[in-house]
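Each chain gets a letter, A, B and so on, in the order the sequences are listed, and its residues count up from 1.
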Amino acid sequence: MLAVAEAVIAAEPLLTDADRAIGDGDHGIGMRRGFLGVQEKLKAETPETPGAVLKVTGMALLSKTGGAAGAVFGSFFRAGGLALGDAEEIDAEGFRAFLAAGRDTVMKRGGAAEGDKTMLDALAGALSACAEAQDLRGALAAAAEGARQGAEATKTMVARFGKAKTLGERAIGHPDPGALSLAIMLQAWHESADHG
Amino acid sequence: MLAVAEAVIAAEPLLTDADRAIGDGDHGIGMRRGFLGVQEKLKAETPETPGAVLKVTGMALLSKTGGAAGAVFGSFFRAGGLALGDAEEIDAEGFRAFLAAGRDTVMKRGGAAEGDKTMLDALAGALSACAEAQDLRGALAAAAEGARQGAEATKTMVARFGKAKTLGERAIGHPDPGALSLAIMLQAWHESADHG
Amino acid sequence: MFKMKKVLNDPANVVTEMLDGLALASDGAVMRLPGLDALVRSEIADDKVALLIGGGSGHEPLFHGLIGPNLADGAAAGGVFAAPAPDLILEATKAVHRGRGVLYLYGNYAGDNMNFDIAAEMAEDEGIEVRTVRVWDDVAAAPPDRKEERRGIAGDVYMIKIAGAAAAKLDSLAAVEAVAVKARENLRSLGVAVRAGSMPETGKLTFELPDDEIEIGMGAHGEAGVSRQKLPQADALADQMMEVLLADMPLKAGDEIALLFNNLGATTFMEMLIVNRRVRAILADLGVKVHKTDMGAFVTSQEMAGFSITLLKLDAELKGYFDAPASCFAFTR
Amino acid sequence: MFKMKKVLNDPANVVTEMLDGLALASDGAVMRLPGLDALVRSEIADDKVALLIGGGSGHEPLFHGLIGPNLADGAAAGGVFAAPAPDLILEATKAVHRGRGVLYLYGNYAGDNMNFDIAAEMAEDEGIEVRTVRVWDDVAAAPPDRKEERRGIAGDVYMIKIAGAAAAKLDSLAAVEAVAVKARENLRSLGVAVRAGSMPETGKLTFELPDDEIEIGMGAHGEAGVSRQKLPQADALADQMMEVLLADMPLKAGDEIALLFNNLGATTFMEMLIVNRRVRAILADLGVKVHKTDMGAFVTSQEMAGFSITLLKLDAELKGYFDAPASCFAFTR
Ligand SMILES: Nc1ncnc2c1ncn2[C@@H]1O[C@H](COP(=O)(O)OP(=O)(O)O)[C@@H](O)[C@H]1O
Ligand SMILES: Nc1ncnc2c1ncn2[C@@H]1O[C@H](COP(=O)(O)OP(=O)(O)O)[C@@H](O)[C@H]1O
Ligand SMILES: [Mg+2]
Ligand SMILES: [Mg+2]
Ligand SMILES: [Mg+2]
Ligand SMILES: [Mg+2]
């Protein structure tokens, strides 16, 4: 998770520029603020189980990020972490449960669905790509790639939620910043699992 | 006088730029507004004597120009016109009396003197250049050239009045906009007397 | 790369330092919650229904500059253009609560909605009754049959004025909520963007707009509007904006309104006054009476140039709350 | 050539149209003198000493937006950045005169001085007694021993507030003049320029300032200040500005002041609030009490970015006039 935080923090300019194109230009700033909070909390608390790590991550994002992204990613990690209970390890099954629980909570909180040009599209891509994976490494690799494609696919969509909503057709051609963020997170998680 | 008005109105951008450099960038706009008023008044009233023409010019400038320039050039023409009494013609002597009376009034009104980087420097140049002239044409030619040199000389001066005052050394190299205006007026008067 | 010139210290601390400066400028009327990006009134009457507002920073004097008697009791300030986080809203809720419940009043944006909703659930868990009224006055953001998708823009100011006065007078949260909902039904705004503002943290412009174009209906964060066009004359622009507004909320002879010209930042009074001249001619033609005109920078987007026109239709009840004396950083009535 | 984007009709009519819009925005409190670029109160009490203000347009809401009870009785508006002409001032003088004389109060600029002086002579010819107080609060414009060469900047607002309240209360022109002179002696301002504004008629910028520099003490029309420098941090700038101000008017523990942050146009509240935080720390260190803080766009220079800090030292007499209720387009107290 610390590697994920590093990656998101490093991606600040990229995310901010994506938000400048179709939102209000603060997404990278908010995610950076949120994941700096995550780093701090994880260093201070060192939770034991994967579920606890994800829950702490969610709480930190919720309280530090602000904006739509804070509520969305905060709820996502918190609910996803809760779904893991106090399991000692995550396997492919657990990883899928995490993603699915996070998705359900985000949908309930914000009222958006797949195809509305939000991080839910990257999430849907991740979920379907890792459906068949047997182990965590395989699931992470597939999910990272699925999220990347899902984020890429948001380029063709018209936003129905968030600040890009009223852009209508003009948002076409630009990816959704939150979807990019999710793809970056999963990619970093996948890489750190492979190398660490 | 109508030719003078044309010339000043045409010089608006030049005067405005000069004022942009060391003042507030409105000198050309004000002079234009003032001399449009002069044109209107002279067409409506057709005063008979040169003194009356100059007085009407002064009154129109005073009421239409605004700013320092309105008070300065309005007082100048009004007092200068009064000095001519109801003479039917202006000769060299009369012209000098006009300039001198105008100068005295401006000095009294605004408290500036020669060397303070105002239109008074162009006026001083005009007065001394036409001191020896025998007829009006000669006086106008000499005064126009004297005013030009006087305005040129303001480039080397530090302003002590008007909005350029606090520029200090930085005003050096830039001519005074009001001095340029006077030089343009006298040049136009000289040319129209030569051609008409 | 262009970077807007701004007088700041560490860009990471803009919100906190700004709130300190705001509390100091209130000369005692308002204080910061220790360690938190929230401001509350120094004295809140016992037993009163509380009004809590909030949203992203960077729109000063909204929201945190609208705290005072007959106005809001407190405000939670998010990062620049970012909704405040739920735990901050919860702390502010606890600080203003006086036993009669708390009305949340804020602009209708995805981020604000989610964060305030999470906070409301947390507050209910602690036994504090919360009701929510989202401001959605921007007619450019969605058609009339989908009003709840519209953004909150300058109309926030009139909503806070009216809800604040109602919260000072009425004893039940539901009654205050009802007044706010009624005000919202009579409220419409439309903005025009002329030049972009910038993010203080990066100095980058929030949107791109060609040197000779404006955009009618653009949101305070650069959200797309209804029509991008070459710079028109002031009268033509006034006609166009009033046409959209009056189509959405028709006014007839004898109707009485409050009229708000909100400067998004760098627009001159001269421009808004020239537009007002035409707007008043249109209203006079219709026989509409203007009870009060407000003009100034109330809901800004940093140094963005542009302005909005807000119409609030008044009846006797709303007028009473509208006229109630009030004082805060942003204005005095 | 750069041309500032602005919402106007015919640039030649900006002043007249703006005054129409302003009279309409007053909802009856203020009216335009028919055919003239001057505004006066719709009702002026008999027998009162009259207060007439004025100057170039383009600095809205100054001057014409400061007419009202306990404020000015009328204002003569010149062209943009140009002093009004004497005959206009004379007509405004006659319109506000109620038999007790007229105080002329305006900023100390060559053009205003000459035009108001000519008008005063014309008014005296018509039997109207006139006295003049020129505002010279800008410490950057000349050293302390040549105060009468200093410009009038944001301090105009406090001068009009105090002279207006005095003119409503006292019966003699000389007594009102004395109060205004006393206020001026206790008044100091210093500004900083960040970006240029533009002339509405031409769209051209009023001065040039490099993209990474500011100028302390620059006048509202681009007149040179005391120091041009690289953009400093907000705290360092506050320190520098307060040092100059306090050197000019030393304050000691127990002194009480009013503190005005004036936005020249496009500066954000965020920036001024962050500066205020430091200014208050400096004043607190000295033991100086702040009676009231005002912050906003009162004396602008179109969309120029920059702001000024004004200190007004109060005693019991000045405080009474300062606190007197007042309402006008620019503010309500
Ligand atoms: N209702 C929603 N459901 C899911 N994701 C959302 C929703 N609204 C916004 N988002 C996500 O949040 C991102 C914007 O985050 P950010 O820029 O930080 O917040 P804000 O929109 O408040 O400025 C969008 O790109 C989108 O992916
Ligand atoms: N006291 C004075 N005596 C003589 N001329 C003056 C004085 N003050 C200003 N001027 C003249 O007026 C000119 C400026 O005119 P203008 O730009 O129209 O007025 P303002 O300074 O009010 O903007 C200066 O260039 C100078 O020649
Ligand atoms: Mg955003
Ligand atoms: Mg000038
Ligand atoms: Mg945002
Ligand atoms: Mg001028």
Side-chain angles (χ1 to χ4, degrees), chain C residues 3 5-10 14 17-22 24-27 57-58 60-61 65 192 194-195 197 200 211-214 231-235 237 261 263 265-277 280 290-293 295-297 300 302-303 305 307 329 331-333, chain D residues 3 5-10 14 17-22 24-27 57-58 60-61 65 192 194-195 197 200 211-214 231-235 237 261 263 265-277 280 290-293 295-297 300 302-303 305 307 329 331-333:
Chain C
K3 192 169 181 303
K5 212 192 305 179
K6 245 176 215 186
V7 177
L8 303 172
N9 294 311
D10 181 348
V14 287
E17 292 185 358
M18 179 265 293
L19 292 175
D20 277 340
L22 191 39
L24 286 163
S26 80
D27 298 314
S57 296
E60 291 71 33
V192 59
V194 175
R195 270 189 313 279
D211 264 353
D212 58 346
E213 294 184 7
I214 56 148
L231 178 68
Q233 295 241 307
D235 286 355
L237 179 62
F261 286 83
N263 182 357
T267 288
T268 60
F269 277 107
M270 183 176 268
E271 291 166 278
M272 291 190 290
L273 287 168
I274 289 173
V275 171
N276 180 46
R277 180 174 161 273
R280 290 300 293 261
V290 177
H291 173 64
K292 170 108 173 75
T293 307
M295 190 181 287
T300 65
Q302 297 293 303
E303 60 287 281
F307 64 91
F329 174 75
F331 66 89
T332 298
R333 175 146 307 164
Chain D
K3 192 171 181 306
K5 213 192 307 179
K6 245 177 213 184
V7 178
L8 303 173
N9 294 310
D10 181 348
V14 288
E17 292 184 358
M18 177 265 292
L19 293 175
D20 277 341
L22 190 39
L24 286 162
S26 82
D27 298 314
S57 295
E60 290 73 33
V192 59
V194 175
R195 270 188 314 280
D211 263 356
D212 58 345
E213 294 186 6
I214 56 149
L231 179 67
Q233 295 239 313
D235 285 355
L237 180 62
F261 286 83
N263 180 356
T267 288
T268 60
F269 277 108
M270 184 175 266
E271 290 165 280
M272 291 190 291
L273 287 166
I274 290 173
V275 171
N276 180 47
R277 177 174 163 275
R280 290 299 294 259
V290 177
H291 173 64
K292 169 106 175 74
T293 306
M295 190 180 288
T300 66
Q302 297 291 302
E303 60 288 279
F307 65 90
F329 173 77
F331 67 88
T332 298
R333 174 147 309 160

Chain D contact via [X] - side chain, backbone, both or neither, heavy atoms under 4.5 Å:
X	answer
C:Leu8	both
C:Val275	side chain
C:Asn263	neither

Mind ranking [options] by heavy-atom pairs under 4.5 Å with chain D and telling me who comes out on top?
options	result
C:Ile214, C:Asp211, C:Thr300, C:Leu237	C:Asp211
C:Ala266, C:Gly65, C:Ala25	C:Ala25
C:Gly265, C:Pro200, C:Ala234, C:Gly21	C:Ala234
C:Thr267, C:Val14, C:Val192	C:Val14
C:Ala297, C:Ser57, C:Pro61	C:Pro61

Partners passing side-chain hydrogen bond (donor to acceptor under 3.5 Å, both in side chains) against D:Glu271 (at least two apart in sequence or in another chain):
D:Thr268
Counting heavy-atom pairs under 4.5 Å to chain C, which of D:Leu19, D:Asp27, D:Asp235 comes out on top?
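Going by pairs under 4.5 Å, I would pick D:Asp27.
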May I ask you to name which of D:Leu22, D:Leu24, D:Asp10 has the most heavy-atom pairs under 4.5 Å with chain C?
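The residue among D:Leu22, D:Leu24, D:Asp10 with the greatest pair count is D:Leu24.
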Ring-ring centroid check C:Phe331 D:Phe331, cutoff 6.0 Å:
no
Note, [X] side chain near [Y] side chain (heavy atom, < 4.5 Å):
X	Y	answer
C:Val194	D:Val7	yes
D:Glu303	C:Glu303	no
C:Lys6	D:Met270	no

Please answer whether the main-chain N or O of C:Gln233 pairs with a side-chain N or O of D:Asn9 as donor and acceptor at a distance below 3.5 Å.
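Pair absent, no side-chain N/O of D:Asn9 close to backbone of C:Gln233.
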Please check this pair: side chain of D:Lys5 against backbone of C:Arg195, looking for a donor-acceptor N/O pair closer than 3.5 Å.
no
For the residue pair D:Met295 and C:Phe329, what are the closest heavy atoms and their distance?
SD-CZ, 3.6 Å
Separation of D:Asp212 CG from C:Lys3 NZ (nearest 0.5 Å):
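Going from the NZ atom of C:Lys3 to the CG atom of D:Asp212 covers 10.5 Å.
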Could you give the distance from CE (C:Met18) to CZ (D:Arg277), rounded to the nearest 0.5 Å?
12.0 Å
